[in-house]
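In this chain, numbering begins with 1 at the start of the sequence shown.
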Amino acid sequence: VSRKLGIICRVSSIKLRRKAGLEERARLLRYQALAKIARQSKSNVIFTGHTASDQTETFFLNLLRGAGADGLCGMRAVRKLSDITGLAEDADLLVVRPLLLFTREEILGYLRAQKLSFCEDSSNADTQYRRNWVRHELIPLIRKKQPQIEERIAELTAIFQAEQEARFAETAAMRKSVQDSSGRGIDLRVFFRYHISLRTRLLHELLPQCSYREINRILSLMAQMKDAGLVVFSLKKALARSVGRKAKLAPLIFSTGEK
């Protein structure tokens, strides 16, 4: 197909060990592979084929894992890659999803009408993976009661996304005020003046790769350190101590001054 259209085709292989968190690790590695290809081709935009059906699946996957309001926002049509990977070096790349307005069936119907060939990954039928279970088991069951499930979820994610924009503005102002005078960490005295919802949101923005449970551990650690009289708090140390993970801080935040 690429030869016929005069488009360069590049193929990348990703090796994964079969263990817990396989789907999430595979997702991040796919984006890293796409970022590598984008830089090799001197491109700054990555287009993906995500559909309204994928958006519905993502909504229910996030709901099942107990995601907060941000998780229920689903996928945005345009987003910085760094918001997905949590890597500062990915801030210069955009992910664009032009097919989010169309369901999988609409796209397949178009391909058939135009007599265009397509292929499907055989692993998509394996319901031992949670996304496939949601696609083949959960959503068909819901569709019996709500045939327009993709449209309803699209409306709901749009509402969550609009509310998220307002919260982003609040935490942007908070981010500036909690930076300590040295620029190396968080001033705990200022941080704890804010409502718990804003404290949680700011940490989610700074540490997008952390789960809700891990963020709560870090918040508890910060409270303990504040009570002990500590003024400046290091996120890198917090990750190592409470999560046991090497820090990968989100872009456009202050530096902790550590390496």
Using the side-chain hydrogen bond (donor to acceptor under 3.5 Å, both in side chains) criterion, which residues pair with [X]? Sequence neighbours excluded.
X	value
T157	none
S220	none
T127	none
R199	none

Hey, could you give me the [atom1]/[atom2] distance between [X] and [Y], rounded to the nearest 0.5 Å?
X	Y	atom1	atom2	value
R130	N132	CZ	CG	12.5 Å
T85	L34	OG1	CG	11.5 Å
R131	D54	CZ	CG	6.0 Å
R201	I215	CZ	CD1	11.5 Å
L198	R175	CG	CZ	12.5 Å

Would you check, one step at a time, whether the test side chain to side chain contact (heavy atoms under 4.5 Å, CB included) holds for T200 with H204?
CA-CA 6 Å; T200 303; H204 271 297; 3.7 Å; yes
Quick check: do R167 and D70 have side-chain heavy atoms less than 4.5 Å from each other?
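Side chain of R167 against side chain of D70, heavy atoms only: contact under 4.5 Å found.
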Minimum side-chain heavy-atom gap V178-Y194 below 4.5 Å:
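The answer is yes, as the side chains (C-beta and beyond) meet within the 4.5 Å cut-off.
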Applying salt bridge (Lys or Arg N to Asp or Glu O under 4.0 Å), can you list everything that pairs with R152, at least two apart in sequence or on another chain?
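Checked R152 against salt bridge (Lys or Arg N to Asp or Glu O under 4.0 Å); matches are E155.
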Would you please name every residue forming a salt bridge (Lys or Arg N to Asp or Glu O under 4.0 Å) with R143, sequence neighbours left out?
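Once residues adjacent in sequence are excluded, the partners of R143 under the salt bridge (Lys or Arg N to Asp or Glu O under 4.0 Å) criterion are E150.
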Who clusters with [X]? Use side-chain heavy atoms, under 4.5 angstrom, across I, L, V, M, F, W and Y, and order the result by chain and number.
X	answer
L61	F59, F60, L63, L64, L72, W133, V134, L138, I139, I142, I149, I153, L156, F160
V96	V45, F47, V78, L94
L100	M75

Heavy-atom pair of closest approach, residues [X] and [Y]:
X	Y	value
A38	I46	CB-CG1, 4.1 Å
L219	I196	CD1-CD1, 4.2 Å
V95	I84	CG2-CD1, 4.0 Å
R104	S53	N-OG, 2.9 Å

Pair up each side-chain donor or acceptor in residues 5-16 with any protein partner under 3.5 Å, not counting sequence neighbours, and list the distances.
none

Between L203 and M225, is there shared hydrophobic-cluster membership here, with clusters defined by ILVMFWY side-chain heavy atoms closer than 4.5 Å?
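Same cluster.
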Distance-only donor-acceptor pairs under 3.5 Å for side chains of residues 105-118, two or more places apart:
from	atom 1	to	atom 2	distance (Å)
E106	OE1	T103	N	2.8
E106	OE1	T103	OG1	3.4

Which one of R39, K80, R79 satisfies the salt bridge (Lys or Arg N to Asp or Glu O under 4.0 Å) criterion with D90?
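That would be R39; it is the only one of R39, K80, R79 passing the salt bridge (Lys or Arg N to Asp or Glu O under 4.0 Å) with D90.
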Could you point out which residue of Q55, E57, R97 forms a side chain to side chain donor-acceptor pair (under 3.5 Å) with H50?
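With H50 as partner, side chain to side chain donor-acceptor pair (under 3.5 Å) holds for just one option, R97.
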For the pair N216 (side chain) and R213 (backbone), establish whether a donor and an acceptor sit closer than 3.5 Å, ignoring hydrogens and angles.
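A pair under 3.5 Å: no.
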Sequence neighbours excluded, every pair satisfying salt bridge (Lys or Arg N to Asp or Glu O under 4.0 Å) that has a member inside residues 157-166
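Qualifying pairs: R76-E165.
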